Every structure is written in C-alpha cells, then in structure tokens.
Amino acid sequence: MNPLIVEAIEALRSAGWTVKVNGKPQPLPASVVSRHSRLPGLAVEFFTNIQSCVEPKEGAWFLASEDFARTDGFHWDEYERMVLEDADEDQAQEVRAFWDGYLPIFQLVEGDYEYLALGTDPSSRHFGKVVWNAEAAYENPLVIADSYEDFLVRLRDVARRDPRRASSSDMTIARLIHEDFEDVVQQSWWTHLKGWFGSSRR
C-alpha cells in the first residue's frame, strides 16, 4: 500500500479506530466504478485495500471495501437513498445529479448525520476535492481538502495529535475522528476561561 495510506491507518488506530486490511485488494463494485469513473488512484487504493475503518463507538466510519460491497444495512449511498425516499420527481433528479458527482468516503450517524465526499465530476469546481455536509444535505457542501492526498495528510496529522492542537482549518476533521473531541475542547476552553478570570482578579 501507499506509505501515506499506511501512515493514516496507523494514526487512526492510535486514535482508537479499528482498521482491518484485506489480504488482497477487493475491487470496487461495477455500479460504483461506472458512476464514478474518475477516482484518484490513491482513493481507489484505500477503498480496495481497507476492509473496514470504524471509530470506537461504531457511529462513524470511512467507507472501505466492506461498505461498498454491502447489500443490506447502511449502504455506501445511504444518504442519497434517504433523501430520495421523500423526494418528488424534480427533487429526485437534483439529488441524483448531485450524487453523480460526489462519492461518499465517510459517514457519521451519531447525532446529526454528517458525511465527507470526494468530488468526481470533472466539470465541477469540486472535482478531486473532499467536501463536508450534514443531515444528508446535498446543497452547497463545504470544501475540507483540495485533493484526496491532501486530505490523507491532514487526516494522518490530526489523528496523531491532541485535538486541542488542531488548527481552525482542521477542526472538522478533528471533530469527526476524535471520539472525545467535544469533551477535550470544552475542558480546554473551561481551563482557559478559569485562568483568564483568575488573572483578571489579581
């Protein structure tokens, strides 16, 4: 495997994630490849070599070969399916057109649904970029990384460090992969606040 993928996997494991690797690469289903034919090689290498990549509470995961092959439970295109259930004909066309150009790479189902997706439409301004959105929304996703390689680099670095050290641009990644992110940041904020009030009384 590409060294960057190996480093990202090890960093996630150090952050408590469970990552299983395939004995040999498992090809993506034809339905995925036909819909998203312009995937970066690095992304394909991750999808086909990693069997599963799940956070400790199993409420979030990076999509891997096991997820793309699943025929029941939470599908790789589950967020698209969820919106289509209540969509009228016009909205359904919009939903399908959106997901034709974005491949989900991360799903979170604890609390509000959130996802990361990779832009796969060469005509889109998001082509090759990693984007974020919440609640299965398909409008106006936010760019998290300018390329899949850049995303893996930042994922590796954020997973390795204390979430309190995450830069503002990496805050979303840190929040998604560190199980105790909210508690750690809140505790850090409270400590800082107490220190500020303590110094102001002197």
Side-chain angles (χ1 to χ4, degrees), residues 1-82 96 98-109 113-124 126-133 136 138 141 143-160 172-173 176-177:
M1 274 190 294
N2 186 287
L4 180 54
I5 295 177
V6 175
E7 292 170 1
I9 289 170
E10 292 307 316
L12 285 169
R13 284 173 172 160
S14 71
W17 285 61
T18 299
V19 184
K20 296 180 181 178
V21 179
N22 289 318
K24 62 179 182 179
Q26 299 298 310
L28 288 169
S31 58
V32 176
V33 175
S34 62
R35 192 176 189 187
H36 303 282
S37 60
R38 298 290 298 274
L39 294 174
L42 197 60
V44 173
E45 192 170 352
F46 184 97
F47 300 146
T48 58
N49 281 278
I50 307 305
Q51 178 183 343
S52 60
C53 184
V54 186
E55 62 98 31
K57 293 182 179 179
E58 300 185 353
W61 56 91
F62 284 94
L63 275 80
S65 62
E66 190 176 78
D67 304 294
F68 287 111
R70 183 171 289 119
T71 57
D72 57 5
F74 213 90
H75 300 81
W76 67 269
D77 57 350
E78 191 68 30
Y79 291 170
E80 178 182 11
R81 294 174 183 237
M82 289 167 55
R96 293 191 184 97
F98 174 85
W99 287 110
D100 282 345
Y102 294 90
L103 176 68
I105 63 171
F106 173 93
Q107 295 172 330
L108 182 146
V109 297
Y113 286 171
E114 299 181 47
Y115 67 83
L116 297 175
L118 178 62
T120 61
D121 179 0
S123 66
S124 168
H126 288 161
F127 179 56
K129 298 182 180 182
V130 175
V131 301
W132 167 92
N133 217 333
Y138 60 92
V143 174
I144 296 298
D146 287 331
S147 69
Y148 187 77
E149 181 177 9
D150 176 48
F151 172 72
L152 281 186
V153 169
R154 291 166 59 191
L155 172 65
R156 175 200 65 192
D157 294 346
V158 170
R160 282 175 172 174
T172 297
I173 297 175
L176 294 177
I177 66 173

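Heavy atoms only: backbone and side chains are in, while hydrogens, waters and symmetry mates are out. Keep in mind that this is a model prediction, so the values were computed, not measured. The chain is numbered in sequence order, starting from 1.
In this structure, E149 does not pair ionically with K129, as no charged nitrogen and carboxylate oxygen lie closer than 4.0 Å. Under the 4.0 Å criterion applied to side-chain N and carboxylate O atoms, D100 and R96 are not assigned as salt-bridge partners.
A distance of 11.5 Å separates CG in L63 from CG in L118, rounded to the nearest 0.5 Å. For the atom pair OG1 (T172) and CD1 (I177), the distance works out to 11.5 Å, reported to the nearest 0.5 Å. The line from CG of L176 to CD1 of I144 is 7.5 Å long, rounded to the nearest 0.5 Å. In this structure, the separation between CD1 on I9 and NZ on K20 is 14.0 Å, given to the nearest 0.5 Å. Taken from CZ in F98 to OG in S124, the straight-line distance is 8.5 Å, to the nearest 0.5 Å. The CD1 atom of I50 sits 6.5 Å away from atom CD1 of I5, with the distance rounded to the nearest 0.5 Å.
Without hydrogens or angle criteria, R156 side chain to E10 main chain gives no donor-acceptor distance under 3.5 Å. For S37 (side chain) and S34 (main-chain N/O), no donor-acceptor pair under 3.5 Å exists by modelled atom type. Here the side chain of D67 pairs a donor or acceptor atom with the backbone of A64 at under 3.5 angstrom. Remark: the backbone N or O of E114 is paired with a side-chain donor or acceptor of Y79 at under 3.5 angstrom. Formation of a donor-acceptor pair under 3.5 Å by the R13 side chain with backbone atoms of V19 is found in this model.
The shortest non-hydrogen separation linking S14 to A159 is OG-O, 4.0 Å. Closest non-hydrogen pair, Y102 versus A117, comes out as CB-CB, 4.0 Å. In terms of heavy-atom proximity, G16 sits nearest to P56 at O-CG, 3.2 Å.
Side-chain contact check for I173 versus W132: every heavy-atom pair is 4.5 Å or farther apart. By the 4.5 Å heavy-atom criterion applied to side chains, E7 and L152 are not counted as neighbours. Residues V32 and L103 have side chains in contact (heavy-atom distance under 4.5 Å, counting atoms from C-beta outward). L39 has its side chain within reach of T120: a pair of non-hydrogen atoms, C-beta onward, lies under 4.5 Å apart. At a threshold of 4.5 Å between non-hydrogen side-chain atoms, the residues F46 and L42 do not count as touching.
Checking W61 against E55 by side-chain atom types alone, no donor-acceptor pair falls below 3.5 Å.
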### Message
Is there a side-chain contact (heavy atoms from CB on, under 4.5 Å) between V153 and L4? Walk through the geometry before answering.
### Response
CA-CA 7 Å; V153 169; L4 180 54; 3.8 Å; yes

### Task
Before giving the answer on side-chain contact (heavy atoms from CB on, under 4.5 Å), spell out for M82 and Y113 the whole-Å C-alpha distance, their side-chain angles and the decisive distance to 0.1 Å.
CA-CA 11 Å; M82 289 167 55; Y113 286 171; 2.9 Å; yes

### Task
Starting from the C-alpha separation in whole Å, work towards a yes-or-no answer on side-chain contact (heavy atoms from CB on, under 4.5 Å) for D121 and H36.
CA-CA 8 Å; D121 179 0; H36 303 282; over 6 Å; no

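Under the 6.0 Å cut-off for aromatic ring centres, W99 and Y115 qualify, their centroids lying closer than that. The ring of W17 has its center closer than 6.0 angstrom to the ring center of F62.
By the side-chain contact (heavy atoms from CB on, under 4.5 Å) test, P122 pairs with R38, F127, sequence neighbours left out. Under the side-chain contact (heavy atoms from CB on, under 4.5 Å) criterion, E66 pairs with Q51, S52, R70, sequence neighbours left out.
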Anything under 3.5 Å between a donor and an acceptor, one on a side chain of residues 21-29, the other on a protein residue two or more places apart or in another chain? List them.
residue, atom, partner, partner atom, Å
N22, ND2, T48, O, 2.9
N22, ND2, S65, OG, 2.9
Q26, NE2, K24, O, 3.1

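By the 6.0 Å contact criterion, CD on E45 is enclosed, its count of non-hydrogen atoms from other residues, nucleotides or ligands being greater than 12.
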